[in-house]
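Note sheet for the following structure.
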There are 2 protein chains.
Amino acid sequence: MKVLSKSSEYGLRALLYMVRKQNEQEYVSIRDLSEQLDISFYFLTKILQTLTQANLLVSYRGPNGGIAFKVPPEKIMLSDVVRVLEGSDFFDKCLLGLPGCGEMAPCPMHEFWKEIKGALKQEFDTTSLAEMGHNAQIRSLRLIP
Amino acid sequence: MKVLSKSSEYGLRALLYMVRKQNEQEYVSIRDLSEQLDISFYFLTKILQTLTQANLLVSYRGPNGGIAFKVPPEKIMLSDVVRVLEGSDFFDKCLLGLPGCGEMAPCPMHEFWKEIKGALKQEFDTTSLAEMGHNAQIRSLRLIP
DNA sequence: TTCTTTGCAGATAAAACACTCTTAAAAGCG
DNA sequence: CGCTTTTAAGAGTGTTTTATCTGCAAAGAA
């Protein structure tokens with residue numbers, strides 16, 4: 001069950017890593033993140049740019065520059081990140097991919113899926129980055145644990 | 001939230017359509033299915049071939065041939081279809097895509113995701129094609145409702 | 001100022017996924 | 001048998017996602 005794209009996977013991993021590093025340094029460089037998490041520097045740069053443009057992060061150029069949270073991670077919900085990286089309709093899609101599906105013209109799985117989707121959305125809406133970030137060891141965010 | 005690939009979307013739509021057509025004729029031709037559901041004939045053929053090879057369907061060539069359920073749709077669970085078309089590890093993946101994630105080396109989201117995933121699996125495991133198929137109008141399975 | 005370090009923006013390349021085509025094989029019908 | 005209808009199998013094409021490269025702009029330090 002691949003729910004998230006690579007962009008979201010990498011973005012979340014980077015943000016969770018930052019939650020744990022937060023107190024050590026103001027700005028974290030993308031190079032560091034990419035090396036620590038075994039994620040392509042180029043690709044990660046793009047993803048974090050998107051999060052910066054969405055005002056979840058701030059960036060600073062030059063030596064000792066990098067990125068930092070603009071909003072405290074206690075106030076960033078998983079759904080906020082996911083909606084930026086996957087699109088705002090992330091929690092509103094038909095299981096069968098039918099564009100016309102909705103309350104007016106439900107597909108056979110509409111009610112079934114609506115319930116599951118609602119519960120999932122609820123969890124993502126109420127779980128913050130901070131909450132998740134303090135859950136585990138940093139190394140568990142790496143590719144090879 | 002794109003949970004299913006196009007293959008699964010198309011496959012499920014075809015099977016749900018068949019549930020409703022089941023009593024009318026023994027075999028349904030893939031050509032008919034593709035036309036009724038606005039799905040590419042070539043692509044649908046491949047998908048249904050896979051389901052036939054997985055012993056969920058039987059096929060018959062020649063005039064008035066087509067495909068039919070091998071197992072009654074009351075006994076085919078949504079998870080059966082999905083596991084064939086998406087792979088058997090469908091309900092066992094890490095949210096962050098980390099290959100090493102598991103009980104031994106959980107990623108920060110492991111517990112969180114495990115619960116959601118479990119509930120989802122439970123629903124897919126206990127809901128049959130027959131149950132879903134009788135839910136709605138056939139036309140709601142078409143692309144343009 | 002000049003050099004180094006860092007992120008930004010747009011272009012390009014590779015890989016995965018979705019879809020199409022062609023040929024073959026099976027089954028029925030005259 | 002020869003012809004038509006239908007699925008099977010494998011190769012080929014197109015599109016989207018993922019990843020990489022190149023040039024540039026901002027910021028700090030010598």
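Only heavy atoms go into these numbers, but all of them, side chains included; no hydrogens, no water, no symmetry mates. All chains are named by letter (A, B, ...) in the order of the sequence lines, taking the proteins before the strands, and each is independently numbered beginning at 1.
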Query raised in the report: How would nucleotides 20-25 of chain C be written as a contact map, 5' to 3', with B for base contact, S for sugar-phosphate-only contact and - for no contact, using protein heavy atoms under 4.0 Å?
Result: BBB--B

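- As a whole-Å value, the separation of A:L48 CG from C:dC8 C1' is 12 Å.
- Nearest nucleotide to the side chain of A:S7, out of D:dA19, C:dC8, D:dT18: D:dT18.
- Residue contacts for A:Q53: at a heavy-atom cut-off of 4.0 Å it reaches the sugar-phosphate backbone alone, with no base atom in range.
- Remark: P of D:dC21 and CZ of A:R31 are 11 Å apart, rounded to the nearest angstrom.
- For the pair A:V3 and B:W113, the minimum side-chain heavy-atom distance is below 4.5 Å.
- Here the side chain of A:P63 is nearest to one of C:dT4, D:dA8, D:dT4, namely C:dT4.
- Summarising the geometry, the separation between CD on A:E26 and P on D:dG28 is reported as 13 Å, rounded to the nearest angstrom.
- Counting to the nearest Å, the C1' atom of D:dA26 and the CD1 atom of A:I30 are 14 Å from each other.
- The environment of CD in A:E115 is sparse: at most 12 heavy-atom neighbours from other residues, nucleotides or ligands sit within 6.0 Å.
- The residues A:R83 and A:D125 are annotated as salt-bridged, a charged nitrogen and a carboxylate oxygen being separated by less than 4.0 angstrom.
- With rounding to whole Å, B:D32 atom CG is found 14 Å from D:dT7 atom C1'.
- End-to-end axis angle of the helix from C:dT1-D:dA30 to C:dG30-D:dC1, using five pairs per end and rounding to 10°, comes to 10°.
- Across the interface with DNA chain C, nearest-nucleotide mapping of B:G62 and B:L4 shows B:L4 to be the residue nearer the 5′ end.
- Residue A:S59 places at least one side-chain N or O under 4.0 Å from the OP1 or OP2 atom of C:dC8.
- In this structure, the side chain of B:K117 engages the main chain of B:K93 through a donor-acceptor pair within 3.5 Å.
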I'd like a table of atom pairs between the protein and nucleotides 13-17 of chain C - only N or O on both sides, under 3.5 Å - with the distance next to each one.
none

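- B:N64 places its CG atom 11 Å from the C1' atom of C:dA27, with the value rounded to the nearest Å.
- With distances taken from any side-chain atom of A:Y60 to the nucleotides D:dG28, D:dA19, C:dC8, the minimum falls on D:dG28.
- A salt bridge does not link A:K2 with B:D89: every distance from a Lys NZ or Arg NE/NH1/NH2 to an Asp or Glu carboxylate oxygen is 4.0 Å or more.
- Under the 4.5 Å side-chain criterion, counting only non-hydrogen atoms from C-beta, B:L78 is not in contact with B:T126.
- Here the side chain of A:R13 pairs a donor or acceptor atom with the backbone of A:L37 at under 3.5 angstrom.
- C:dA9 atom C1' lies 7 Å from atom CD of A:Q49, rounded to whole Å.
- Note: CG (B:L51) to C1' (D:dA9) measures 16 Å, nearest angstrom.
- The side chain of B:Y10 contributes no N or O atom lying less than 4.0 Å from OP1 or OP2 of C:dA18.
- Of the possible polar contacts, one joining the A:T50 side chain to the A:K46 backbone as a donor-acceptor pair under 3.5 Å is found.
- Side-chain contact annotation: B:E86 with B:S8, donor-acceptor N/O pair under 3.5 Å present.
- B:V84 is listed as a side-chain neighbour of B:L51, based on a closest heavy-atom distance under 4.5 Å.
- Ring centroid separation for the pair A:F112 and B:F124 comes in under the 6.0 Å cut-off.
- For B:D32 (side chain) and B:S29 (main-chain N/O), no donor-acceptor pair under 3.5 Å exists by modelled atom type.
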